[in-house]
Number of protein chains: 2
Amino acid sequence: MKKKYIFIDKSLVNKKMKRKVTLKQIAKELDVSISTVSKSLRNSLEISEDTRQKVQAFAKLYNYKPNNIALSLKNKKTKTICIIIPEIIHHFFATVISGVEHVANENGYNVLVCLSDESFDKEVINMEMLASGSIDGFIMSLSKETQQKKDFHHITEVINQGMPVVMFDRVTNEILCDKIIIDDVHAAYNATQFLIDKGLKKIALITTVDYVSVGKLRTEGYKKALKSNDIDINENLILKIEDTEDFDHYIEELLQNNDIEAIFAVNELFAVTALKIANKLGKNIPEDISIIGFTDGIISKYSTPSITTVSQNGIKMGGKAAKMLIDRLESEDEEEEQYKTEVIETELVERESTKN
Amino acid sequence: MKKKYIFIDKSLVNKKMKRKVTLKQIAKELDVSISTVSKSLRNSLEISEDTRQKVQAFAKLYNYKPNNIALSLKNKKTKTICIIIPEIIHHFFATVISGVEHVANENGYNVLVCLSDESFDKEVINMEMLASGSIDGFIMSLSKETQQKKDFHHITEVINQGMPVVMFDRVTNEILCDKIIIDDVHAAYNATQFLIDKGLKKIALITTVDYVSVGKLRTEGYKKALKSNDIDINENLILKIEDTEDFDHYIEELLQNNDIEAIFAVNELFAVTALKIANKLGKNIPEDISIIGFTDGIISKYSTPSITTVSQNGIKMGGKAAKMLIDRLESEDEEEEQYKTEVIETELVERESTKN
DNA sequence: TTTCAACACGAAAACGTTTTCGAAACACAA
DNA sequence: TTGTGTTTCGAAAACGTTTTCGTGTTGAAA
């Protein structure tokens, strides 16, 4: 008979289990007070050399580590910050988290990640839940639904409780707090100008509906660039896409019904989809149509042809956001500084989808 | 003179600041004991209808929320789980987090994200740090360095302290715990067989160095498929790539020096890079060379041509991992069940990079 | 009037720390 | 012996909860 499983004796397992040791247990074992143990471990001069060494040796032997929760309760800080983002599958948001995590870690903070799924309710629930002591501060980018509703009471509430909030990318003027953004208008302006400089005039815009702040701003930049080059704005060339819907056929229509020379898309997905549809319609990129996207993600980089984009540098944004939050946390109740809005430089990454 | 800034009076700010109210404060205000307040809020029958209502009204007015840290200390559970992954920028890991987060949230848990950056030390530090009360359990995928060193003491230690650990994707046999994996050998076998079924025989493999567990297993599957179809294994067609190095020219060599009919790549990056280099060398995909990748990521989907891949379903993996961990947390100290290893089904997603 | 429930509430312990303050013990000078 | 310091330690409060147990009050039954 073959043995198929190895059953592990429970008492044996428990023997191996060194449950976490506490100050109280050490104190009892060494027959001193809890205070003495605590002080010894923190090398207080109040305690004699002898006792200190004895305690420290014992603590090391039993691998004593102070309980973080108890410390949090005592210090009223958790050394944890929370980042709330609409979703994590987007490359941009993943890079932001990466940036946040690194800076946070360097400063001894941990990062709690919450996904709002673009839902107002989840955003509210998460914030209310966590504001009750679990974390020291928030970094967040608004969900689409929140931006549409323009209801920010959950954020004001948290701020009024004295908890710092740093907003990034999708922000709102209705909340006073630290912010990290890019100059969407300017970046879009530059991207459009870049196309115009190549001698292209019939430039289509694929953007989001207006309540998405960044979409609106980028649309603004696009229009501004056209105007300052005395190119008429043709509303037929502007496609506003509701994010939930299947948008392929809209782009197909756009490309079929207009002899477009270039496309500026406000995100990566729109850009790559336009590229694929253009291909399907027998247009060559960049010979027939030039394409510029937004967000320097993995798609643009590995697409064929690779796509010229406006790079947002999510890692930098995340890093700066974490730095701002932590600065505010650590300087707390010193002079209340004014809230700052920091603008991160964007960069046009030229690739194969635009002709030169 | 134009006003450039609006200075906000600090006392005013503080007036608006409703700092978190505690049981003690409510008790004092209503001139009852803390116990009475606590019981009232939890609708204890010990307390008279009158008092209960009074307390509840007051608590609602001042927006009382119990302090999570205090609760954690009392209950010895934090309702937080930690996921440690090598990096977040990889689409696969992002999807896993997404899966974890959703299931965790459904069950009232929060998710702490730690990035090991493929570094053994960071993995160790993070685990040791957090094991001291901050979280209830771990979900993790090993860093490359840890796999190389084969040093898992930090994980055993945590487990011995009674903290449950669930490993996924990059796991090891040296640790006894719950695991979620895919059958890498089988999936690679199928992918290779898929190519063979198309009549392709000269199939190259682009894989990682052997210490990466999944790379090794997928290599095994590839070889197995060749053998069972009586195709000789040509080591020249097997390219093992060290992850840190710049590998483009290796792939280029591989493609130039052999008249390859198909490529099986163990990850997305290798696949798309091979595709681009093949293109550059004037080969048509899939007419001249068929390509299959691994990990159903964003790159494969939006590449041109889109890439046939083995889909790992990270969301499902993450969800299952979270479920397993939470089950163990909540059933704790009931019968110690045996550790389970769950195998997630993979799926071959057929796209344009393989001919039919 | 006594007795006994039932009711309504409070005191205190517990979770694991840190820190303040007081005090015991001892040494040493006057 | 007394007074003055110094050294070394412990008690207790504090952080914010929950929960056990005790207790005082009331009303009714005996």
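To find a chain, count down the sequence lines: A is the first, B the second, and so on, and within it residues start at 1. All values derive from a computational prediction rather than experimental measurement. Scope of the values below: all heavy atoms of this structure, side chains included, with no hydrogens, waters or symmetry mates.
For the salt bridge (Lys or Arg N to Asp or Glu O under 4.0 Å) test, residues two or more places apart in sequence or in another chain that qualify with Lys79(B) are Glu330(B). Annotation: salt bridge (Lys or Arg N to Asp or Glu O under 4.0 Å) contacts of Lys179(A) (sequence neighbours excluded): none.
Among the protein residues, Leu23(A) comes within range of the nucleic acid bases, having at least one heavy atom under 4.0 Å from a base atom.
Protein atom CD of Gln53(A) is 13 Å distant from nucleotide atom P of dT8(D), rounded to whole Å. A straight line from CG of Leu73(A) to P of dT17(C) spans 12 Å, rounded to a whole angstrom. Lys77(A) has its NZ atom 15 Å from the P atom of dT18(C), to the nearest Å. In this structure, the CG atom of Asn75(B) is 12 Å from the C1' atom of dA14(C), given to the nearest Å. Straight-line distance from the NZ atom of Lys79(B) to the C1' atom of dT17(D): 17 Å, rounded to whole Å. Atoms NZ (Lys76(A)) and P (dT18(C)) sit 17 Å apart, rounded to a whole Å. Taking atom NZ of residue Lys28(B) and atom P of nucleotide dG16(D), one finds them 13 Å apart after rounding to whole Å. Straight-line distance from the NZ atom of Lys20(B) to the P atom of dC15(D): 16 Å, rounded to whole Å.
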TODO: Mark up nucleotides 5-13 of chain C, 5' to 3', with B wherever a protein heavy atom is under 4.0 angstrom from a base atom, S wherever such an atom reaches only the sugar-phosphate, and - elsewhere.
DONE: ---BBBBB-

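In terms of phosphate contacts, Lys24(A) brings a side-chain nitrogen or oxygen within less than 4.0 Å of OP1 or OP2 of dC15(C).
Heavy atoms of other residues, nucleotides or ligands lying less than 6.0 angstrom from CG of Asn43(B) number more than 12. Shown here is Lys77(B), whose NZ atom has no more than 12 heavy atoms of other residues, nucleotides or ligands within 6.0 Å.
The closest donor-acceptor contact from the side chain of Thr36(B) to the backbone of Ile34(B) lies at 3.5 Å or more, if one exists at all. In this structure, Asn67(B) contributes its side chain and Ile69(B) its backbone to a donor-acceptor pair below 3.5 Å.
Looking at heavy atoms from C-beta onward, Val96(A) lies out of side-chain contact with Ile315(A) at the 4.5 angstrom threshold. When side chains are defined from C-beta on, Gln147(B) does not count as touching Thr172(B), because their heavy atoms never get closer than 4.5 Å.
Note on Asp50(A) versus Lys54(A): no salt bridge recorded, every NZ/NE/NH1/NH2 to OD/OE distance being 4.0 Å or above.
Taking five base pairs at each end of the helix from dT1(C)-dA30(D) to dA30(C)-dT1(D) and finding the rotation axis that steps the C1' atoms of four pairs onto the next four gives two axes whose angle is 90°, to the nearest 10°.
For DNA chain D, the residues of residues 58-68 of chain B within the heavy-atom distance limit of 4.0 Å (strictly under) are Tyr64(B), Lys65(B), Pro66(B), Asn67(B), sorted by number.
Inspection of the Glu157(B) and Gln161(B) side chains reveals no N or O donor paired with an N or O acceptor under 3.5 Å.
The salt bridge (Lys or Arg N to Asp or Glu O under 4.0 Å) pairs that include a residue from residues 98-120 of chain B are Asp117(B)-Lys122(B), Glu118(B)-Arg170(B), where partners are two or more places apart or lie in different chains.
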